[in-house]
Structures are given as structure tokens and as C-alpha cells.
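Note sheet for the following structure.
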Protein chains: 2
Amino acid sequence: MPADESPVRPPTLNQVAARAGVSLKTASRALNGEPYVSGATERRVRQAADELGYRLNGLARELRTGGTSALVGLISGDLANPFYSAVASGAERELRQHGLLLITVNNDEDGELESSLLTALVERRVRALLVIPSGGGLVANSASAHNVPFVFVDRPPVGMAADCVLIDNTGGARAAAEHLLAGGHRRIALVADLVRTASQRARISGFAAAMRAAGNPAWESYLRTDVHDAATATRVVGELLDLPEPPTALFTTNNRLTIGALRALRGCRRPPALVGFDDFELADVVGVTVVAHDMTELGRAAARLAFDRIGGHTGPPRTVVIPATLVPRGSGER
Amino acid sequence: MPADESPVRPPTLNQVAARAGVSLKTASRALNGEPYVSGATERRVRQAADELGYRLNGLARELRTGGTSALVGLISGDLANPFYSAVASGAERELRQHGLLLITVNNDEDGELESSLLTALVERRVRALLVIPSGGGLVANSASAHNVPFVFVDRPPVGMAADCVLIDNTGGARAAAEHLLAGGHRRIALVADLVRTASQRARISGFAAAMRAAGNPAWESYLRTDVHDAATATRVVGELLDLPEPPTALFTTNNRLTIGALRALRGCRRPPALVGFDDFELADVVGVTVVAHDMTELGRAAARLAFDRIGGHTGPPRTVVIPATLVPRGSGER
DNA sequence: ATGAAAGCGCTAACAT
DNA sequence: ATGTTAGCGCTTTCAT
């Protein structure tokens, strides 16, 4: 049985003051570099603090100075997905420059969980929230209830106005479609993720618009939606290729699905053309044509919007659109 | 000029109590589901809270209940690196189950920045810290000074004892070396990252030990260290291949370097055999033999160790070793 | 240049 | 079952 049963509380400013033989307030002034402290006093206080191993209690300070923390929350899907981690990386880097810290939580693509995480973050008095909504639309409703600046990333809020950073989904998808059409393809399959997310819908409609404009309805029987993971994508693409009249080209609407499709295409003697939305590591090595966009910039832009609001910026919601451009690398040109 | 100059403070428990016509403490009890509150009172309080849009102030609660937050910090390199984001993903998932939140900060591979981030997190009273040190060893020193449980991930602390989760770097590297030797290779190049990190040193020494055991010194002139990014790896591998007597096989000691090597090998008529440390997305599609290990498990294990300490577990530091196994996929067998 | 008192929003301890 | 008082560790008046 250990002798020290006490959960050793860290030293307080009061203890530092006592040790330095000054008042609480003087110690506070000295450590915060405020004026009106004699050099000698400041030195004594600093030394006492060092000896005690004193660390400021940020909770207490923040409670006193306004009840709000130096934290910004990011609610997204699993960071194991490079898209989300790229956003997190960009956001963290931007926030850090302003002395803000990023809390990342995974909504597991579940609307219920998402709301409860939202509450947890608001209770921690985060100064802003960046959200890549799971798609349930639940967040949007609670957003207005809480009194915290919200920035929606990749997916616009439904039923409310708010700051928002989007990818040019429609334009990117249209570019992909036109590229494949220009290559002479007509039977073009579209493999998409959950249609409940606005970003997926935008990609699908951009693609559809280009097909319509080209007078090509031959893709409609090859539309596959709500394909949510790589393994399913592999299966679905396999099934497409086994069709009596298989598609000659393929458009996958995010990185996971593109990778799943690649697995299905392995060892395929005459693989269909492939264009994927989202760039990914090794796409250049594997030679995959993609619709690329700067994912970390998405996070940085979101953090900047949030920071403006934290700084008191009022005014109508702003939307930043990140461009998406086609990068030919071989797979889309065969 | 806006009319409402006041930065609308969120409602407090006191206001809820007043509105419900009860005392502060009763309101507290009601909302926290404590016993000894009549059903009618509880309902009145809950309704008042709803009407006001009341949110608990976690800062105040935590200050009162012990001066410590529900936050755990993770200091690592850029989340854009899939290794770090996998660790973050695993850690977050584990912590979330215990109601803890994860703060991620990027040390930018800079020891100075790392210490200042450390201070920032400690001041926010994080309950534990998970660290993938930049390698400067600075963290280790400050770790003991602060009174917070530390868990070192991927790299052991220098000059102190602490909880720690490691990959079987030596064993994994040895397996890679033996695999290449078994394939008949003698001139085997080793491309490694910064040797100041213990994990890299372990991988190099595991490799070296296997070479020694096999009586093969023919690798020593092909050793390249402190290759820190993919672009440099591409260049270095290119140079190796241009040697009068180029290596017939290649071992790269992390995911970034493997990917850089792959770029150099593109369009190479007779590419050398390749084994890389760390698995990565698409490795199966590209057919790259790797030394694989469960990166998210690294994060989960670290979070578990941290949670035990938070729960008051004392006792000597523990080390968890995550196994690393060779996965043949073609590139290592040619 | 320094200090005393008050209070941020909450919960713990002790009434009633 | 409900209320009162005190205080977490800090910063903000307002003295001195």
C-alpha cells in the first residue's frame, strides 16, 4: 500500500506567492509580464515558480476571463481516412498559429453520436466548431441552438445559413465526365458513396449534367450508389465488369471507392478507363487519373473562417469553394 | 454599428435555478440526475434549462471537481502522414469510450515547438499525454517535471522510465533482411530516415544484425540514412540504381521512403527487389512486400495505458510491443 | 509598485 | 427534499 495516498495537487499561484513572500496578485503580475512589478520581485517570483514546478491552471484562467477556452473542435469521420486527416492537419496548423488547439472527434458516421459529441464539445466551451457532418442534418439544427461559431466543411448545412468550405464537386465531376466522353466512352459507370451527403449528390449531378449535355443516356444503367467502403466498391465494380455489356469506363466519387475499384481491376486483361474523385498517395505511381483538390487547404480555410468569427467578425455567412481539377495520369485515357 | 455590443454570455445554472424558482444546488442536482429531487422539481428545472438553452460549463465543473479536464493530448508529427493519423484514430476511439477527448498537436518535427506545445497542453490540464517524440529528447526531460502521466508511442523515452508502446522494429527489420537474403540477394541497400529517432536506429540495427549473422557485409556501402521525405528518397534510390554496381535489393524503413522509392522504380526495366517497413494503402494493389503492423492498435494501446494511469494505477512503467510481420506481395520476391 | 476583496460557474459539505 | 455557505485557481476592480 503506497504511502502517498494524496493525489498530489499541482502547486497554485497562491503557493508561489507565499514562497516568494509577495501577494497573490503580485505573483500573477510577475508571471504574466504585466507592468508595475520591480525587476527584483519578478525574479523572486519566477524562481519560486520554478522551484515549485508551477504551471498555470488554464481552466481557472479561462473561467475567470470569460468562460471560454482556447479550443476548437473538429467533428469528422475516422481520421484513418486520409481525407479527414488532411483536413485535420490543415486546420490544426492554421489554428496553432493563433494559439488555438484542435480537438478531433470521430462521429463514426453516426448522427446520434455526432450530436452527443457536439454537446460534449460545447460544454467544454470550444470557441468554434468545424464539422464534416455525417449527413443526418442533426448537427445543423443543434448548431443554431448552441451559441458557438460553426464552420461546415465539405458538406453545406441543411436548413440554415452558416460559414462553409466546399470543394467544387459539380465542376470536378463534370470535368471527369467530359474527359471520359472525349475519350469516346459512352457506357460509363458511376460508383458513388452515400447519396445522403450533399457532396456525393453534387458529384453525381455534375456527372449527370455532362452526360445530358452530351446526349448520352447510356450511363444510367451503370449507376451504383450508397457504396460506402472499399471492399464493397471492389465487389460492385467486379459485378459491373461481369455484366453482359460491361461499361468501358468508370468514375468513382471518392478516394475509398477508387481504391476499391483498383483492387477489382487488378489482373483485368482489358481494364475499363478509370477516373476517381479525390487525389491519393501513390495515384501517380499507379497511374490513376483523378479529380484533385487541396484537402489540407480545406481545413486551413475552415480554420480561417472560424478564427474570424472568434475574433468577433459578424456579417453574413461566407462560402469558400476549393477548386477541383482533372489530373490525367493514364487510367482515364485508355 | 451593431446594436448588441454585448458578447452574449451563455446562461448559467443560477439563471436556470431562478427561472425554475429553486435554489442553485437543487438545479444542479436535478440536471445531474442526483437523488433527492422530486420528480416535479426535476421537470421544472429541465424545462427552464431547455428554454434558456442552458449548457453546462465544463470549465467551471472541472475546476471545482479537481482542476483537471477530460482531455488527453497527442503530440506527433503531421497528421497528413498516415502513420500519425492512424495512431490518432486508434487513440481517439479508445478514449472516447471513456468519455475523454483527444487534442492533437503537430510538433512539425521540431523539438523546441514540441516543448512549448507540451506546456500549452499541461496548462490546459490534460489528464495524460501521448507523445511520438520528434527525437530531440526534450520531451523526456520536461515530462518528469510536469505531473502528468506520459505514454511514449513508437519511440522510447531517453533517460527516464515511462509507459511506452513500441513496434517490434528490430524483429521486423530482421525479418525483412532475412527475407531478402533468402531470395539470394547480397547487395542490399538500406534507405533510412533520421537516425536520431530510436525507432529508425532499431530498424537499422535489426537489419545489420541479420546481415552479420549471414556473413554478408556487402550492404554496408549501400547504407543511406537521414532521408526524411519521399522526394529525397526518390533521388537517393535513383542514385543507388545509377551506381556502377547497383544493389539488387532495397529495404526502406518507413512508409514515406517506400513511396519515394516506388517513384524511383517506375519505368525501371529490371527493378531491384523492394521491402518496406510500414504497410500502406494500395500496397496490395501495387504489389509491394512490406513489414506490416497495426498502427491504430499502437494508438489504442497507448490510450489504454494512459487510461490506467488516469484511473490511479501506480506501479512500474509498462512497455507494450506491437508485432511486425512480413507480408510478401511480390516486390520482395523478385 | 503592491495588496485586498470580489467573483467567474460550478459542486461538496453541511445545514434544515 | 431543498437551501446555504464555501471555495476550486485565477484575474479584475479598486485601494494603498
Side-chain angles (χ1 to χ4, degrees), chain A residues 6-46 48-49 52-70 120 122-127 147, chain B residues 6-46 48-49 52-70 120 122-127 147:
Chain A
S6 64
V8 263
R9 285 259 196 157
T12 74
L13 188 54
N14 234 323
Q15 295 169 26
V16 173
R19 173 153 211 164
V22 298
S23 83
L24 174 61
K25 179 60 212 182
T26 302
S28 168
R29 275 198 266 257
L31 293 180
N32 288 325
E34 285 175 38
Y36 304 122
V37 188
S38 79
T41 308
E42 173 164 348
R43 247 169 287 125
R44 283 222 316 290
V45 173
R46 290 220 123 86
L52 258 41
Y54 170 77
R55 296 287 143 195
L56 172 79
N57 186 332
L59 263 49
R61 164 183 280 179
E62 286 160 356
L63 176 59
R64 183 62 245 242
T65 53
T68 153
S69 73
V122 171
E123 287 186 350
R124 246 107 226 165
R125 291 297 188 267
V126 292
R127 304 200 64 168
N147 202 21
Chain B
S6 63
V8 263
R9 284 261 197 158
T12 74
L13 188 53
N14 234 324
Q15 295 169 27
V16 173
R19 173 155 211 159
V22 297
S23 84
L24 173 62
K25 180 63 210 179
T26 302
S28 167
R29 275 196 268 257
L31 293 180
N32 289 325
E34 285 175 39
Y36 305 121
V37 188
S38 80
T41 308
E42 173 164 350
R43 245 169 289 125
R44 282 222 318 289
V45 173
R46 291 220 123 88
L52 258 41
Y54 170 76
R55 295 289 142 192
L56 172 80
N57 186 333
L59 262 51
R61 165 184 277 179
E62 285 161 356
L63 176 59
R64 180 64 244 242
T65 53
T68 152
S69 72
V122 171
E123 287 187 350
R124 245 108 229 165
R125 292 297 189 264
V126 292
R127 304 200 63 167
N147 202 22

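All of these numbers come straight from a predicted model, not from anything done at the bench. All chains are named by letter (A, B, ...) in the order of the sequence lines, taking the proteins before the strands, and each is independently numbered beginning at 1. Because only heavy atoms are used, hydrogens play no part in the values below, and waters and symmetry mates are left out as well, while side chains stay in.
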- Query: Given that B:K25 and B:L59 both sit by DNA chain C, which one's nearest nucleotide is further toward the 5' end?
  - Reply: B:L59

- Note on the structure: CG (B:L63) and CZ (A:R64) are apart, to the nearest 0.5 Å, by 12.0 Å

- Let me know the distance between CG of B:N32 and C1' of D:dT2, rounded to the nearest Å. 15 Å

- Task: Please report, rounded to the nearest Å, how far the P atom of D:dA6 is from the CG atom of B:L63.
- Result: 18 Å

- Item | Any B:T41 side-chain nitrogen or oxygen under 4.0 Å from OP1 or OP2 of D:dT2 | yes

- Item | For atom CD of A:E42 and atom P of C:dA1, their distance in whole Å | 12 Å

- Item | Sub-4.5 Å side-chain heavy-atom contact between B:N32 and B:R61 | yes

- Between the side chain of A:R124 and the main-chain N/O of B:G58, is any donor-acceptor distance below 3.5 Å? no

- Message: Distance criterion of 3.5 Å, no angle test: do you see the side chain of B:R29 paired donor-to-acceptor with the base of D:dG3?
- Response: yes

- Message: Rounded to whole Å, please give me the gap between CD in B:E62 and P in C:dC10.
- Response: 12 Å

- Message: Tell me the interatomic distance from B:Q15, atom CD, to C:dC8, atom C1', rounded to whole angstroms.
- Response: 13 Å

- Message: Does D:dT11 have its OP1 or OP2 closer than 4.0 Å to a side-chain nitrogen or oxygen of A:S28?
- Response: yes

- Return no unless some side-chain N or O of B:S23 is found under 4.0 Å from OP1 or OP2 of D:dG3. yes

- Message: List the residues meeting side-chain contact (heavy atoms from CB on, under 4.5 Å) with A:L31, not counting sequence neighbours, and say none if there are none.
- Response: A:L13, A:V45, A:R46, A:A49, A:Y54

- Task: Find the bend of the helix from C:dA1-D:dT16 to C:dT16-D:dA1 as the angle between its two terminal axes (five pairs each), to the nearest 10°.
- Result: 40°

- Query: Rounded to the Å, how far apart are B:Y36 OH and C:dA13 C1'?
  - Reply: 15 Å

- Any chance you could measure A:T26, atom OG1, to A:E42, atom CD, to the nearest 0.5 Å? 11.5 Å

- Beyond-backbone contact of B:E62 with B:R127, side-chain heavy atoms, under 4.5 angstrom: no

- Task: Take B:V37 and B:G66, find for each the nucleotide of DNA chain D with the closest heavy atom, and name the residue whose nucleotide sits nearer the 5' end.
- Result: B:V37

- Message: Could you tell me how far apart B:R64 (CZ) and C:dC10 (P) are, to the nearest whole angstrom?
- Response: 13 Å

- Query: Hey, is the side chain of B:S38 poking within less than 4.0 Å of OP1 or OP2 on D:dT2, counting only N and O atoms?
  - Reply: yes

- Message: Within the structure provided, determine whether A:R125 and B:P10 are in side-chain contact (heavy-atom separation under 4.5 Å).
- Response: yes

- Item | Distance, rounded to the nearest Å, where A:L31 contributes CG and D:dC10 contributes C1' | 12 Å

- Query: Picking from D:dG3, C:dG3, C:dC8, which would you name as closest to the side chain of B:R9?
  - Reply: C:dC8

- Query: Hey, which of these two, B:P35 or B:A60, hits DNA chain D nearer its 5' end, going by closest nucleotide?
  - Reply: B:P35

